[in-house]
Amino acid sequence: MLRTKIFSLVAVATATALALTGCGGGGEAGGSSTGGESGTLRVALNQTEEHPSYIALDNFGKRLEAATEGRWKMDVYPNETLGAQQEALQLVSQGAVDLAIVSGTQLENLNKDFRVFNLPKVFDDVEHQMKVIHDPKVTGELYTSLEESNNLTVLGGFTQGARSIYTNDAPVKTPADLAGKKLRVQESDVMIALAEALGASATPMAFGELYTALQSGVVDAAENNEVSYFTQKHFEVAPHFSQTNHLVGLDYLIVNSDLLGKMSEADRAVFQKEWTATHEEHTKLWTTATEEDIASAKAAGATFSEVDEAAFDKVLEPIAGKFIENDAQQALYDAARAAAK
Ligand code: GCU
């Protein structure tokens, strides 16, 4: 199983490198009307084809292809086909894959400043989050901070919506209900601290391993938004969804830093314009998907319950203070809060 996955990763990575070089070499470099290369961009995603991120990226590809008259195409690989986020990040950094959607938790492992946007209470809601993370005055330095070290550029992001806790035995009302429970978290210091503050035992693992981990009892609980809860079928193995809404999560679109330089100026402008249209479409799709997926999970037997918000707030509020360590991080936090209503 593992060998098959590694083999397919290497095969896809090689094919990707060929796709770009092939098209670039045979394309319009030099005396062409555009002055740029062409190619098929590979995008790594860990969600299903029903997820708003897949739909928005797939539409991005179609618009990009039409607007560049076929010079730039896009293939979106869902379901961790190109690897879990940690591997996808590596492949984009190496240039074997062009783009990936990765959770903010992955980027905090490369530059701690990204932690600020992963904290509870930094964003009030999706609208607030999108305004902050697409404001170049706030994010300009942050989004280019990985170029020298990792050859990665952040283009902006998609919301993960509000994240909540779900369990296999009974709904959670207060953090005390999580005492001693093994709670799956993303691979990040902020998420581990959050689980521990809630009294749970933090178990970091990749997204794609979670269904089996819940099913087999390796973990008792997880936390995510309603859309992933439904599209990953986690409701089948953890039917109690407790609306803790403990943070508004964030996914980033990352690109290999050399890629945009391979596009002509005109194609790059099209790419940027269509990316803006893409994250705007994603935000709209998100609201509808959340409502629909709650209804579908309920119809399949999942329960959704409210929690004691004050009890959760008491635990969540001090977490930011533990992670803001320098002026740059404080400035990001202050800018985010200043944009709240
Ligand atoms: C969300 C998010 C993913 C992330 C996942 C997780 O689904 O959109 O990017 O990987 O949560 O909990 O790992």
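As the structure is a prediction and not an experimental result, all values here were calculated from the model.
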Novice: Is there any ring-ring contact (aromatic ring centres under 6.0 Å, His included) pair reaching into residues 149-201, and which pairs are they, with sequence neighbours excluded?
Specialist: Phe158-Trp275, Phe158-His282, Tyr166-Tyr229, Tyr166-His234, Tyr166-Phe241

Novice: Strictly distance-based, threshold 3.5 Å: is any side-chain N or O of Ser228 a donor or acceptor partner for the main-chain N or O of Asn225?
Specialist: no

Novice: Is the distance between the ring centroids of Tyr211 and Phe235 under 6.0 Å?
Specialist: no

Novice: Rounded to the nearest 0.5 Å, what's the gap from CD on Gln47 to CD1 on Ile55? Could you check?
Specialist: 11.0 Å

Novice: Can you name the residues that form a ring-ring contact (aromatic ring centres under 6.0 Å, His included) with Phe312, not counting sequence neighbours?
Specialist: none

Novice: Spell out, yes or no, whether Val237 and Leu178 are grouped together once hydrophobic residues are joined by side-chain heavy atoms under 4.5 Å, including indirect joins.
Specialist: no

Novice: Counting N and O atoms only, with roles assigned by atom type, does the side chain of Arg163 sit under 3.5 Å from a partner on the main chain of Leu247, one being a donor and the other an acceptor?
Specialist: no

Novice: Measuring centre to centre across the rings, with the benzene-like ring taken for any Trp, is His279 within less than 6.0 Å of Trp286?
Specialist: no

Novice: Assess the residue pair Tyr252 and Phe114 against the criterion (ring-ring contact (aromatic ring centres under 6.0 Å, His included)); give the C-alpha distance rounded to whole Å, side-chain angles, the decisive distance to 0.1 Å, and a yes or no.
Specialist: CA-CA 11 Å; Tyr252 291 103; Phe114 281 97; 5.5 Å; yes

Novice: Is Tyr333 reachable from Phe123 through a run of I, L, V, M, F, W or Y residues, each pair having side-chain heavy atoms under 4.5 Å apart?
Specialist: yes

Novice: So does Leu41 get a backbone contact from the side chain of Lys73, meaning a donor-acceptor N/O pair under 3.5 Å?
Specialist: no

Novice: Where do Val92 and Asp98 land on the side chain to side chain contact (heavy atoms under 4.5 Å, CB included) test, with the steps shown first?
Specialist: CA-CA 5 Å; Val92 176; Asp98 306 294; over 6 Å; no

Novice: Shortest non-hydrogen contact from Val132 to Ala339?
Specialist: CG2-CB, 3.7 Å

Novice: Which salt bridge (Lys or Arg N to Asp or Glu O under 4.0 Å) pairs, counting each pair once, include a residue from residues 332-341, with sequence neighbours left out?
Specialist: Asp124-Arg337, Glu127-Lys341

Novice: Has the side chain of Thr139 got a donor or acceptor atom that lies under 3.5 Å from a matching backbone atom of Leu142?
Specialist: no

Novice: Applying side chain to side chain contact (heavy atoms under 4.5 Å, CB included), run through Gln329 and Lys112 and close with a yes or a no.
Specialist: CA-CA 8 Å; Gln329 293 164 5; Lys112 285 183 181 172; 3.9 Å; yes

Novice: If I take atom CD from residue Glu280 and atom CG from residue Leu285, how far apart are they, to the nearest 0.5 angstrom?
Specialist: 12.0 Å

Novice: Apply side chain to side chain contact (heavy atoms under 4.5 Å, CB included) to residues Ile165 and Leu198 and explain how you reach the verdict.
Specialist: CA-CA 11 Å; Ile165 290 174; Leu198 293 171; 3.8 Å; yes

Novice: I need the Leu107 CG to Leu152 CG distance, nearest 0.5 Å.
Specialist: 7.5 Å

Novice: Any salt bridge linking Arg115 with Glu325? Criterion: basic side-chain nitrogen under 4.0 Å from a carboxylate oxygen.
Specialist: yes

Novice: Could you tell me whether the side chain of Asp293 and the main chain of Phe230 form a donor-acceptor pair under 3.5 Å?
Specialist: no

Novice: Any donor-acceptor pair under 3.5 Å linking the side-chain atoms of Asn46 with those of Asn79?
Specialist: no

Novice: Are Glu147 and Thr153 linked by a side-chain donor-acceptor pair shorter than 3.5 Å?
Specialist: yes

Novice: Would you say the side chains of Arg63 and Thr278 form a donor-acceptor pair under 3.5 Å?
Specialist: yes

Novice: Spell out, as yes or no, whether a donor-acceptor pair under 3.5 Å connects the side chain of Asn118 to the backbone of Gly104.
Specialist: yes

Novice: Of the options Thr203, Asp169, Asp220, which is the one that meets Lys181 in a side-chain hydrogen bond (donor to acceptor under 3.5 Å, both in side chains)?
Specialist: Asp169

Novice: Check the pair Phe60, Phe271 against ring-ring contact (aromatic ring centres under 6.0 Å, His included), reporting the backbone distance first and the verdict last.
Specialist: CA-CA 9 Å; Phe60 182 12; Phe271 182 91; 5.3 Å; yes

Novice: Are any side-chain N or O atoms of Tyr143 and backbone N or O atoms of Ile254, one a donor and one an acceptor, separated by less than 3.5 Å?
Specialist: no

Novice: Check the side chains of Gln186 and Ser188 for a donor-acceptor pair under 3.5 angstrom, ignoring hydrogens and angles.
Specialist: no

Novice: Between Pro318 and Lys314, what is the shortest heavy-atom contact and its length?
Specialist: CD-O, 3.3 Å

Novice: Group every Ile, Leu, Val, Met, Phe, Trp and Tyr by side-chain heavy-atom contacts under 4.5 Å, then state whether Leu110 and Val190 land in the same group.
Specialist: yes

Novice: Around atom CG of Asp327, are there more than 12 heavy atoms from other residues, nucleotides or ligands closer than 6.0 Å?
Specialist: no

Novice: Closest heavy-atom contact between Leu210 and Ala222?
Specialist: CD2-CB, 3.7 Å

Novice: Do other residues, nucleotides or ligands put more than 12 heavy atoms under 6.0 Å from Gln94 CD?
Specialist: yes

Novice: For the pair Asp313 and Lys121, find out whether any cationic side-chain nitrogen is under 4.0 Å from an anionic carboxylate oxygen.
Specialist: yes

Novice: Counting N and O atoms only, with roles assigned by atom type, does the side chain of Asp177 sit under 3.5 Å from a partner on the main chain of Thr174, one being a donor and the other an acceptor?
Specialist: yes

Novice: Sequence neighbours left out, cut at 3.5 Å: what donor-acceptor pairs do the side chains of residues 303-310 make with other protein atoms?
Specialist:
{"residue": "Thr303", "atom": "OG1", "partner": "His240", "partner atom": "ND1", "Å": "3.2"}
{"residue": "Asp308", "atom": "OD1", "partner": "Ala310", "partner atom": "N", "Å": "3.3"}
{"residue": "Asp308", "atom": "OD1", "partner": "Ala311", "partner atom": "N", "Å": "3.1"}

Novice: Taking atom types as modelled, find out whether Asp251 and Gln160 have a side-chain donor-acceptor pair closer than 3.5 angstrom.
Specialist: yes

Novice: For the hydrophobic clusters of this structure (ILVMFWY residues joined by side-chain heavy atoms under 4.5 Å, transitively), does one cluster hold both Val97 and Phe207?
Specialist: no

Novice: Tell me whether Met74 shares a hydrophobic cluster with Leu155, the cluster being built from Ile, Leu, Val, Met, Phe, Trp, Tyr side chains joined at under 4.5 Å.
Specialist: yes

Novice: What is the minimum heavy-atom distance between Ser164 and Ser242, and which atoms define it?
Specialist: CB-O, 3.2 Å

Novice: I'd like to know if the side chain of Gln85 and the backbone of Ser103 have a donor-acceptor N/O pair within less than 3.5 Å.
Specialist: yes

Novice: Show, in sequence, the C-alpha distance, side-chain angles and deciding distance for Glu37 and Asp267, and conclude whether the side chain to side chain contact (heavy atoms under 4.5 Å, CB included) test is met.
Specialist: CA-CA 9 Å; Glu37 297 183 19; Asp267 286 352; over 6 Å; no

Novice: Locate the shortest heavy-atom distance separating Thr48 from Pro78; write the atom from each residue and the value.
Specialist: C-CB, 4.4 Å

Novice: Does Lys182 use its side chain to pair, donor to acceptor, with the backbone of Gly217 at less than 3.5 Å?
Specialist: yes

Novice: Can you measure from CG (Leu45) to OG1 (Thr81) and round to the nearest 0.5 angstrom?
Specialist: 8.5 Å

Novice: Heavy atoms only: give me the nearest Ile319-Ala197 pair and the separation to one decimal.
Specialist: CD1-CB, 4.0 Å

Novice: Do the side-chain N and O atoms of Glu187 and Asn109 include a donor-acceptor pair separated by under 3.5 angstrom?
Specialist: no

Novice: Give a yes or no on whether a salt bridge exists between Lys62 and Asp58, defined as a side-chain N under 4.0 angstrom from a carboxylate O.
Specialist: yes

Novice: Regarding Ser145 and Asn111, do their side chains bring together a donor and an acceptor under 3.5 Å, going by distance alone?
Specialist: yes

Novice: Taking atom types as modelled and ignoring hydrogens, do the side chains of Thr159 and Gln129 form a donor-acceptor contact shorter than 3.5 angstrom?
Specialist: yes

Novice: Of all residues at least two apart in sequence or in a different chain, which pass the ring-ring contact (aromatic ring centres under 6.0 Å, His included) check with Tyr54?
Specialist: none

Novice: The criterion is side chain to side chain donor-acceptor pair (under 3.5 Å); which residues satisfy it with Ser93, sequence neighbours excluded?
Specialist: none

